[in-house]
Amino acid sequence: MSNNVQSTARVRIDSLLDANSFVEIGAGVTARTTDFNMTEKKAPSDGVVTGYGQIDGKPVYVYSQDASVLKGTMGEMHARKIVNIYRLACKTGSPVIGLVDCAGLRLEEATDGLNAFGEVYMAQANASGVVPQITGIFGMCGGGMAISQALADFTFMESKKAQLFVNSPNAIPGNSEAKCNTAGCDFQGKEAGAIDGCGTEEEILGQIRGLVSMLPSNNEDDMSYAECTDDLNRVCADLAACAEDPALLLPRISDSGVVAEAKPFFGRDMVTAFIKLNGYTVGCVANRAVLYDAEGNKAEEFGKEISARGAKKAAEFVNFCDAFSIPVVTFTNTKGFKAAKCSEANMADAVAKMTFAFANATTPKVNVITGEAFGSAYLTMNSKSIGADLVYAWTDAKIGMMDATAAAKIMFDGKGGEVITAEAAKYDALQNSVESAAARGYVDTVIDAAETRKYLIGAIDMLFTKREYAPDRKHGTV
C-alpha cells in the first residue's frame, strides 16, 4: 500500500483476524481526481485496505486506514471503499470493524470527497441495529471522522498516540493540549464516555476480538452462543458480599468468569457489561455502590445513587442489546438519584431515556434486586412495572418508597425518638420487606444470593422464545 513492504494498516488487519483468513477487496482502487496535480501523487488503494476475514471462525468485514498514504487523508474513493464494505456486511449479516488512522478529508478533492464521506455516514446509519459496528482508533480521528466513530456501537483507543476529537484541544477557546487534552484517551473515556477500552495496539486488538466473540453477527442471529463448559448449577457462595461492586459480582456468575465491560471509565456508578450464561451472551446493567481497587480497598463510593452519566450509559447499552435481541439482566441496588448541580441539569432527561429504553425493549428482561430498591430510582431499573419479565430478589433485599427511618420521620414529624424508631420498624416490616413486595407480585421469587447463577440460567432459557410486539408506531420520541 505504501512504500513499506508491509504497511501498518495491513499489519493491524493481520493481528486482528484469524491467521490467513483475510481476503482483500478493492486493492486496485486509487484516487481519480486530477486537480492540483493529483495524478502525480501515488495513492495506492487510496489509503485504506478493505476486505473480509474471520475472528474465531466468525466472518467479519474490516477496513484499515494507512496514514502513510497522502498524509493519511480520506478521499472520494477511500470513502466509497468503506461504503462498499458496509453494504456487503449488511447483505451477509456480518460485523464491521474500522481500524482508524485518518488526518481528515483530502482538501484537493473538495466536494467529491465531502459527498463520499456523507455516504459513509449513510451506510453506518443503515447498518445501525443490523450488524455490530466496532471502531479501533490508532492515530488521528478528528472532525468528521469523530462523528463516524460515534455512529459505531463500540470504540477502542490506543492509549498514547490515538487522538479523538471534533475540535482539537488547541482550537477550543481558552484550552490547549497542555491544559486539557480533550482528544486523549483519559478525557474521552471518563468525561465524554466515547470509548469502551484503551491500551496498546496489541491490547485493543485483543479487546476487539474478545467483544466480537461475545456479540451476535447480526440482528437475526438469536443470542450469540458458545459451548458452556461451566457447571450450570454452580453455587456462588460469596456472591452476597459482592453486591456493592458488580465488577466483583459479574465474573462470579458468568460462565468461566467471562466479562466484557462497556464504557468502563464513564458513569462508574452504573456498570454495563456482557457476560455468558449457559453459553448465551447476556447484557448486564448494574448499580454500583462502591468501586474497589485491585487491592480490595474502597477507591470510590457512590451512595447507591444513579447519576445522569450512569443513566445515559445504561440507556445506550440497553438499546444496543434490544436491537440485537441480547437478553438484559439488571442488578438493582439503588435508593435515589445523585444530588449535584452538574447532574441536575441532565438528570431527568437521562433517566427518562434509560426508563424508556427498558420499557421499550422487547428482548428478554430479568431484574435481580440485590440490596435496596427505593423510590423512582428503583422503578427506572427494569422493574416489573416497566416491563421486566421476571424479578428476583435476594432474601435481605429492601423494596419500597424510601428508607424506613426516613419515612417514619416524615409521617411522625415532631414525635420522640422512641416513636420514630418503633414506627420505622413497623414501616420496614409492612412496606419495605422483600416478602411484602412478593406478596403483591412485584417480585416473582425470593432467592438465596448464592443461587443467582442457577436462577438466571433458567430464566434466560425459559425466555428464549419470547415474542413481544411494541405498539404500532413509527418510533418513540424519548
Side-chain angles (χ1 to χ4, degrees), residues 214 223 225-226 228-262 269-292 304 314 317-318 321 326-335 358 363-374 378 381-384 387-399 432-435 437-438 441-464 466:
M214 297 282 281
M223 296 189 185
Y225 179 77
C228 177
T229 58
D230 202 344
D231 182 2
L232 302 185
N233 295 309
R234 175 165 56 82
V235 173
C236 309
D238 60 345
L239 204 62
C242 303
E244 291 187 321
D245 191 351
L248 303 176
L249 184 151
L250 296 180
R252 284 167 167 77
I253 65 171
S254 181
D255 297 348
S256 304
V258 174
V259 177
E261 189 172 354
D269 59 283
M270 192 80 73
V271 173
T272 53
F274 296 107
I275 66 171
K276 288 284 188 180
L277 290 173
N278 190 21
Y280 293 113
T281 295
V282 174
C284 295
V285 179
N287 301 122
R288 174 186 264 149
V290 178
L291 172 64
Y292 289 95
K304 297 185 180 180
F317 185 78
V318 172
C321 290
I326 299 172
V328 174
V329 174
T330 46
F331 295 89
T332 301
N333 185 16
T334 183
K335 58 183 181 181
F358 280 122
T363 194
K365 295 176 289 187
V366 181
N367 188 12
V368 181
I369 300 172
T370 62
E372 294 176 306
F374 290 151
Y378 147 61
M381 281 294 296
N382 191 31
S383 62
K384 177 76 77 171
D389 298 302
L390 287 171
V391 177
Y392 298 120
W394 289 359
T395 52
D396 294 329
K398 299 289 184 182
I399 305 164
N432 284 359
S433 71
V434 68
E435 290 80 10
Y442 307 139
V443 169
D444 293 298
T445 310
V446 180
I447 64 174
D448 186 90
E451 297 186 323
T452 301
R453 170 178 160 82
K454 179 178 70 175
Y455 273 94
L456 288 178
I457 287 173
I460 298 302
D461 188 56
M462 183 270 289
L463 292 168
F464 180 81
K466 175 186 174 183

Asks: Kindly indicate whether the side chain of Ile369, heavy atoms from C-beta on, has any atom under 4.5 Å from the side chain of Phe331.
Replies: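 No; the side chains remain at least 4.5 Å from each other.
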Asks: If you look at every heavy atom in Ala286 and Pro246, which pair is closest and at what distance?
Replies: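 In terms of heavy atoms, the two residues are closest at CB-CG, 3.4 Å.
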Asks: List the residues meeting salt bridge (Lys or Arg N to Asp or Glu O under 4.0 Å) with Arg288, not counting sequence neighbours, and say none if there are none.
Replies: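 Listed in chain order: Asp245.
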Asks: Short question: side chain of Asn367, backbone of Val391 - any donor-acceptor pair under 3.5 Å?
Replies: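 Checking the backbone N and O of Val391 against the side chain of Asn367, no donor-acceptor pair under 3.5 Å is found.
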Asks: Residues in salt bridge (Lys or Arg N to Asp or Glu O under 4.0 Å) with Asp238, at least two apart?
Replies: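 Counting only residues at least two positions away or on another chain, Asp238 forms a salt bridge (Lys or Arg N to Asp or Glu O under 4.0 Å) with Arg252.
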Asks: Which pair of heavy atoms, one from Ala237 and one from Ala450, lies closest together, and at what distance?
Replies: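 Smallest interatomic distance, heavy atoms only, reads CA-CB, 4.2 Å.
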Asks: Enter the distance from Cys228:SG to Ile457:CD1 here, rounded to the nearest 0.5 Å.
Replies: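 The distance works out to 6.0 Å.
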Asks: Looking at Asp255 and Gly279, what are the two nearest heavy atoms and their distance?
Replies: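 Of all heavy-atom pairs spanning Asp255 and Gly279, the closest is OD2-N, 2.7 Å.
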Asks: Output all residues satisfying side-chain hydrogen bond (donor to acceptor under 3.5 Å, both in side chains) with Thr272, sequence neighbours left out; order by chain, then residue number.
Replies: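 By the side-chain hydrogen bond (donor to acceptor under 3.5 Å, both in side chains) rule, Thr272 matches no residue at all.
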Asks: Keeping the roles fixed (side chain from Asn382, backbone from Phe358), state whether a donor-acceptor pair exists under 3.5 Å.
Replies: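 Not at all, since once roles are kept as given, no pair shorter than 3.5 Å links the two residues.
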Asks: What residues, two or more places apart in sequence or in another chain, satisfy ring pair (Phe, Tyr, Trp, His ring centres under 6.0 Å) together with Phe317?
Replies: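 So Phe317 forms a ring pair (Phe, Tyr, Trp, His ring centres under 6.0 Å) with Phe274.
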Asks: With side-chain contact (heavy atoms from CB on, under 4.5 Å) as the test, would you mind laying out the steps for Val434 and Thr395 before giving the verdict?
Replies: CA-CA 7 Å; Val434 68; Thr395 52; 5.7 Å; no
Asks: Name all residues meeting the salt bridge (Lys or Arg N to Asp or Glu O under 4.0 Å) criterion together with Asp230; count only those two or more places apart in sequence or in a different chain, and write none if there are none.
Replies: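 Scan of Asp230 (salt bridge (Lys or Arg N to Asp or Glu O under 4.0 Å), adjacent residues dropped) gives Arg234, Arg453.
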Asks: Test Asp269 against Lys304 for salt bridge (charged side-chain N to carboxylate O under 4.0 Å, His left out), laying out the working first.
Replies: CA-CA 8 Å; Asp269 59 283; Lys304 297 185 180 180; over 6 Å; no
Asks: Answer yes or no: is there a side-chain heavy-atom contact under 4.5 Å between Tyr280 and Pro327?
Replies: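 Tyr280 does not reach Pro327 side chain to side chain.
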Asks: Could you tell me if Lys276 and Ser256 have a donor-acceptor pair between their side chains, going purely by distance under 3.5 Å?
Replies: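 Not at all, the side chains of Ser256 and Lys276 share no donor-acceptor pair under 3.5 Å.
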Asks: Nearest 0.5 Å please: distance from the CG atom of Leu239 over to the OG1 atom of Thr370.
Replies: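 Those atoms lie 9.0 Å apart.
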Asks: Consider side chain to side chain contact (heavy atoms under 4.5 Å, CB included). Of Met381, Lys398, Glu372, which one does Asn333 pass it with?
Replies: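 Single side chain to side chain contact (heavy atoms under 4.5 Å, CB included) partner of Asn333 among Met381, Lys398, Glu372: Glu372.
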Asks: Rounded to the nearest 0.5 Å, what separation is found between the CG atom of Asn278 and the CG atom of Leu232?
Replies: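 It comes to 4.5 Å.
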Asks: Quick one, Ser254 and Val258 - any side-chain contact, counting heavy atoms below 4.5 Å?
Replies: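 Counting from C-beta outward, Ser254 and Val258 do come under 4.5 Å.
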Asks: State which residue, out of Val329, Leu456, Val282, fulfils the side chain to side chain contact (heavy atoms under 4.5 Å, CB included) condition with Ile275.
Replies: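 Among the candidates, only Val282 passes.
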Asks: Just jot down the side-chain hydrogen bond (donor to acceptor under 3.5 Å, both in side chains) partners of Glu244, sequence neighbours excluded, or say none.
Replies: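 Glu244 satisfies side-chain hydrogen bond (donor to acceptor under 3.5 Å, both in side chains) with Tyr292 only.
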Asks: Nearest heavy-atom pair of Gly441 and Lys384: which atoms, and what distance?
Replies: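 Between these two residues, the closest heavy atoms are O-CE, 3.8 Å.
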Asks: Specify the closest pair of heavy atoms between Leu463 and Pro364, including all atoms of both residues, with the distance to one decimal.
Replies: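 Of all heavy-atom pairs spanning Leu463 and Pro364, the closest is O-CG, 3.5 Å.
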Asks: Mind checking the OG1-OH spacing from Thr445 to Tyr455? Nearest 0.5 Å is all I need.
Replies: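 If we round to the nearest 0.5 Å, Thr445:OG1 and Tyr455:OH are 6.5 Å apart.
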Asks: Could you list the residues that satisfy side-chain contact (heavy atoms from CB on, under 4.5 Å) with Ala314, not counting sequence neighbours?
Replies: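 By the side-chain contact (heavy atoms from CB on, under 4.5 Å) rule, Ala314 matches Met270, Val285, Met354.
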Asks: Report the residues that fulfil side-chain hydrogen bond (donor to acceptor under 3.5 Å, both in side chains) with Asn287, sequence neighbours left out, ordered by chain and then residue number.
Replies: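 Here no residue qualifies.
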Asks: Apply salt bridge (Lys or Arg N to Asp or Glu O under 4.0 Å) to Glu451 and list each qualifying residue two or more places apart in sequence or on a separate chain.
Replies: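 Salt bridge (Lys or Arg N to Asp or Glu O under 4.0 Å) check on Glu451 returns Lys454.
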Asks: Would you say Trp394 and Thr452 make side-chain contact, with heavy atoms under 4.5 Å?
Replies: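 Side-chain contact under 4.5 Å: yes.
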Asks: Using the rule given for side-chain contact (heavy atoms from CB on, under 4.5 Å), can you reason through Thr334 versus Phe374, listing the C-alpha separation, both sets of side-chain angles and the distance that settles it, and then say yes or no?
Replies: CA-CA 6 Å; Thr334 183; Phe374 290 151; over 6 Å; no
Asks: If you compare all heavy atoms of Val259 against all heavy atoms of Ala273, which two are closest, and at what distance to 0.1 Å?
Replies: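 Heavy atoms only, the tightest pair is CG1-CB, 3.9 Å.
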Asks: Using side-chain contact (heavy atoms from CB on, under 4.5 Å) as the criterion, list what pairs up with Ala438, not counting sequence neighbours.
Replies: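 Result, side-chain contact (heavy atoms from CB on, under 4.5 Å) vs Ala438: Val443, Val446.
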Asks: Asp389: what forms a side-chain hydrogen bond (donor to acceptor under 3.5 Å, both in side chains) with it, not counting sequence neighbours?
Replies: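 Here the qualifying residues are Lys466.
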Asks: Between Tyr442 and Ser383, is there a side-chain heavy-atom distance shorter than 4.5 Å?
Replies: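 No, their side chains stay 4.5 Å or more apart.
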Asks: Between Thr363 and Ile326 (side chain of the first, backbone of the second, donor and acceptor by atom type, cut-off under 3.5 Å), is there such a pair?
Replies: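 Present.
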Asks: In chain order, what residues pass the side-chain contact (heavy atoms from CB on, under 4.5 Å) check against Ala459, with sequence neighbours excluded?
Replies: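 Once residues adjacent in sequence are excluded, the partners of Ala459 under the side-chain contact (heavy atoms from CB on, under 4.5 Å) criterion are Val366, Leu390, Tyr392.
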